[in-house]
2 protein chains.
Amino acid sequence: MASVTIYDVAAQAGVSIKTVSRVMNAEPNVRAATREKVTAAAEALGYHPNLSARSLAGSKSFVIAAFVDASLTMDHWRSEQGADYLSRIQLGATGPCRELGYHFLLELIDHDTPRVRQEVGNLLAALKPDGVLLTPPSSDDQTVLDLLRKSHTPFVRLGPERDVGGGLRLKMDDRAAAAKMTEHLIGLGHRRIGFVLGDARYGSSRARQQGYVEAMAAHGLEVQADWIQAGDFTFQSGVEAARRLLSLAARPTAIFASNDDMALGCLSAIADAGLSTPEHISVAGFDDSSSARFSRPQLTTMRQPLVEMADYATRALIQGEVAADCDQDAVGHLPPSELILRKSTAPPAP
Amino acid sequence: MASVTIYDVAAQAGVSIKTVSRVMNAEPNVRAATREKVTAAAEALGYHPNLSARSLAGSKSFVIAAFVDASLTMDHWRSEQGADYLSRIQLGATGPCRELGYHFLLELIDHDTPRVRQEVGNLLAALKPDGVLLTPPSSDDQTVLDLLRKSHTPFVRLGPERDVGGGLRLKMDDRAAAAKMTEHLIGLGHRRIGFVLGDARYGSSRARQQGYVEAMAAHGLEVQADWIQAGDFTFQSGVEAARRLLSLAARPTAIFASNDDMALGCLSAIADAGLSTPEHISVAGFDDSSSARFSRPQLTTMRQPLVEMADYATRALIQGEVAADCDQDAVGHLPPSELILRKSTAPPAP
DNA sequence: CTGAAAGCGCTTACAG
DNA sequence: CTGAAAGCGCTTACAG
């Protein structure tokens with residue numbers, strides 16, 4: 001059977017298609033009696049508006065798209081590791097979409113290839129999404145940002161590295177989160193706490209260091225210069241930073257690494273030195289990457305409110321709160337990062 | 001700037017919009033020179049066809065949708081467990097979609113609620129997908145199957161329980177897979193191999209048992225009646241079946257459970273009995289659920305070719321190989337299930 | 001090999 | 001409060 005259209009409903013209800021349209025879109029200026037007639041006709045006929053027609057005629061597509069990196073995502077899916085980030089974004093975005101009658105479309109983008117421009121240009125023109133969610137590294141891809149602005153598509157950048165480039169930027173409060181973790185260690189009784197810096201090119205590295213320093217100061221604890229060791233977010237840099245920390249005359253009783261990979265490196269260096277975690281030395285990470293749950297010991301770490309971020313972003317996009325030429329930060333609306341207590345932190349040995 | 005349309009390209013190339021349409025769709029009957037003029041104009045203008053217009057005017061929507069259970073999926077995403085299945089489906093479906101210019105849409109369905117009919121009816125009418133991928137339990141939901149047939153939407157049922165209901169059915173070869181696992185155990189030197197049945201209401205339970213029995217017979221091994229113990233796919237039923245097996249006069253040296261949950265139950269019962277796996281007794285599971293990787297010891301199990309299944313199904317759908325009124329099985333085209341060797345199986349103690 | 005006309009199923013902008 | 005007309009950007013079916 002051919003599909004039921006707005007004409008069928010109009011005929012059945014004895015009104016014009018415009019009135020049916022009004023009722024279906026819950027627009028005002030329809031008498032209650034008319035509204036009921038139309039609703040009944042639509043129900044009886046099993047009418048559901050065609051999305052393509054709505055999109056083509058109107059100004060909304062009822063589509064929210066998320067751009068994610070193709071090779072990264074496929075690797076995660078294939079290896080069944082690291083897919084947590086995306087799962088949480090999907091969870092956060094799907095909720096508001098279903099609730100508000102939108103469709104959520106996950107699109108894989110080939111960053112760093114010549115075809116990004118073609119690919120993204122095509123997506124934007126073909127889909128005309130009402131809003132786009134950008135995840136790293138899309139959040140900082142200049143080509144993508146340009147295309148988004150040129151097509152006047154509202155967009156939200158999740159965890160952007162750079163503050164330029166426009167869009168609504170949703171980023172965790174690294175400083176507050178690092179302070180919270182530092183306070184956890186202090187609360188456990190640690191006084192000599194080492195810190196492993198992240199890659200200096202990232203703003204989040206500095207923010208995390210700042211949080212550590214401020215929390216220490218807030219508790220009247222002096223930070224010695226050699227407690228802060230350079231790192232670059234890799235496992236190996238964590239190993240090396242930990243070795244330097246372990247060789248200090250007054251060895252720290254705890255190490256706070258700016259991300260989980262480096263924390264895992266610390267764990268490894270500590271074991272190599274014949275010490276154990278958390279008995280001899282506590283280790284804390286940052287990110288709650290999936291490896292953090294399966295290390296030995298399991299890693300105490302900080303977790304971003306990703307579901308809430310995606311939920312907030314999607315709602316803002318759907319409700320038209322993100323102007324196409326928007327250029328601002330939004331952190332205040334988000335819950336703080338969560339301290340995930342696991343086995344790698346404990347009170348210092350007496 | 002307003003978007004570039006087919007009219008802009010036609011004007012620039014000095015042809016009619018019909019010719020532009022032909023070129024964009026790679027249709028025949030266009031002179032090479034004309035084709036080039038159009039391509040050049042499209043390129044220069046940055047033209048990308050609008051999906052809604054294509055879908056509305058034509059017979060294809062360029063959308064492939066997958067239906068998954070809403071609460072199940074959201075639980076998996078939230079808990080970050082059990083999401084592997086969906087990740088692999090997404091991986092398998094996304095590949096062909098991107099390759100062939102389609103969009104893959106994941107839609108969450110509220111099975112077992114009164115709103116399924118409304119929800120699915122709306123999805124089908126609004127999206128008019130060119131094909132739908134059904135995952136369990138959608139694969140066996142009568143309401144969904146009815147709606148799909150009524151709307152003449154081609155669909156593939158992944159891992160269906162029942163063979164009635166139409167569609168193209170893609171199911172692993174449980175019998176062959178169980179035989180393969182049994183042969184792995186025999187190859188290790190086991191002769192007394194216990195088997196834990198799954199829920200008898202599922203066809204796969206019988207098929208797995210059959211595979212086990214046949215493999216034993218093929219190697220001249222007699223199966224004693226009390227080696228086969230009932231179970232219902234739950235952890236607890238695995239515990240109980242293992243207890244019965246352990247109390248046998250001539251205890252089996254290996255247990256093959258029809259799914260991972262029951263295998264995990266066996267592991268637990270074996271440990272409770274003061275025995276260890278695989279030293280005293282080997283345990284094999286089935287499914288490669290995510291828990292199988294994190295148990296102690298890690299579980300040897302069988303893994304379905306899910307990525308390949310989704311890839312095959314999506315291609316079949318896109319290439320129009322699945323008629324709307326299709327009603328058939330497709331197993332022959334799939335690679336066999338994979339034996340995942342981990343730590344729970346080893347040669348029997350001498 | 002190419003094109004003019006009609007129409008897909010809606011919303012927009014306007015009139016009453 | 002309701003409706004007639006136009007048009008969104010394409011493909012279909014047909015003509016030449």
For this session: Starting from P on dG9(D), measure out to CG on Leu51(A) and report it in whole angstrom.
Result: 16 Å
Seminar exercise, completed: Taking dC1(D), dG9(C), dC10(C) as options, the one with an atom nearest any side-chain atom of Arg31(A) is dC1(D)
Exercise. OP1 or OP2 of dT11(D) sitting under 4.0 Å from any side-chain N/O of Ser21(B)?
Worked result: yes
Exercise. Going through the distances and angles, do Asp130(B) and Tyr102(B) end up as a side-chain contact (heavy atoms from CB on, under 4.5 Å)?
Worked result: CA-CA 9 Å; Asp130(B) 291 334; Tyr102(B) 273 66; 3.3 Å; yes
For this session: Report yes or no: does Thr34(A) contribute a side-chain atom to a donor-acceptor pair with the main-chain N or O of Val30(A) at less than 3.5 Å?
Result: no
Exercise. Which part of the nucleic acid does Ser52(A) contact within heavy-atom distance under 4.0 Å: base, sugar-phosphate only, or nothing?
Worked result: nothing
Problem set entry | Selected nucleotide, minimal atom distance to Ala57(A) side chain, candidates dT11(D), dA4(C), dT11(C) | dT11(C)
For this session: Please state whether the phosphate of dG9(D), meaning OP1 or OP2, lies under 4.0 angstrom from any side-chain nitrogen or oxygen of Thr5(B).
Result: no
Exercise. What's the CZ-C1' distance between Arg54(B) and dC8(D), to the nearest Å?
Worked result: 16 Å
For this session: Tell me yes or no: between the side chains of Thr153(A) and Lys128(A), is some donor less than 3.5 Å from an acceptor?
Result: no
Exercise. Does Thr34(B) have a side-chain nitrogen or oxygen under 4.0 Å from the phosphate oxygens OP1 or OP2 of dC1(C)?
Worked result: no
Exercise. So, is Asn29(A) close to the dT2(D) phosphate, meaning a side-chain N or O under 4.0 Å from OP1 or OP2?
Worked result: no
Exercise. OP1 or OP2 of dC1(C) sitting under 4.0 Å from any side-chain N/O of Arg22(B)?
Worked result: no
For this session: Searching all strands shown, indicate the nucleotide that pairs with dG3(C) (Watson-Crick or G-U wobble; both distances under 3.5 Å).
Result: dC14(D)
For this session: Please determine, by modelled atom types, if Ser61(B) and Ser55(B) share a side-chain donor-acceptor pair under 3.5 angstrom.
Result: no
Problem set entry | Donor on one side chain, acceptor on other, Ser71(A) and Asp69(A), under 3.5 Å | yes
For this session: For dG3(D), take OP1 and OP2 only and decide whether either is under 4.0 Å from a side-chain N or O of Thr19(A).
Result: yes
For this session: May I have the distance from Glu27(A) (atom CD) to dG3(D) (atom C1'), rounded to whole angstrom?
Result: 13 Å
Seminar exercise, completed: In whole angstroms, the gap separating P of dC10(D) from CG of Asn25(B) amounts to 10 Å
Exercise. If you find the nucleotide of DNA chain D closest to Val15(A) and the one closest to Tyr7(A), which residue's nucleotide is nearer the 5' end?
Worked result: Val15(A)
Seminar exercise, completed: Rounded to whole Å, NZ of Lys60(B) lies from C1' of dT11(D) at a distance of 11 Å
Problem set entry | Whether Arg115(A) side chain and Asp110(A) backbone form a donor-acceptor pair below 3.5 Å | no
Exercise. Between atom CG in Leu56(B) and atom P in dA6(C), what is the gap in whole Å?
Worked result: 18 Å
Problem set entry | Separation of atom CD1 in Ile6(A) from atom P in dG7(C), rounded to whole Å | 18 Å
Problem set entry | Interatomic distance where NZ belongs to Lys128(A) and C1' belongs to dC8(D) [whole Å] | 10 Å
For this session: Taking only the side-chain heavy atoms of Lys18(B) (C-beta and beyond), determine which of dA13(D), dT11(C), dC10(D) contains the nearest atom.
Result: dA13(D)
Exercise. Between dG3(C), dC10(D), dG9(C), which nucleotide has the shortest distance from any of its atoms to the side chain of Pro49(B)?
Worked result: dC10(D)
Exercise. Hey, is the side chain of Ser59(A) poking within less than 4.0 Å of OP1 or OP2 on dT12(C), counting only N and O atoms?
Worked result: yes
Problem set entry | Options dG3(D), dT2(D), dC10(D), nucleotide nearest the side-chain atoms of Val30(A) | dT2(D)
For this session: May I ask you to verify if any side-chain N or O of Asn50(B) is less than 4.0 angstrom from the OP1 or OP2 atom of dC8(D)?
Result: no
Problem set entry | side-chain N/O Tyr47(B) vs dC10(D) OP1/OP2, d < 4.0 Å | yes
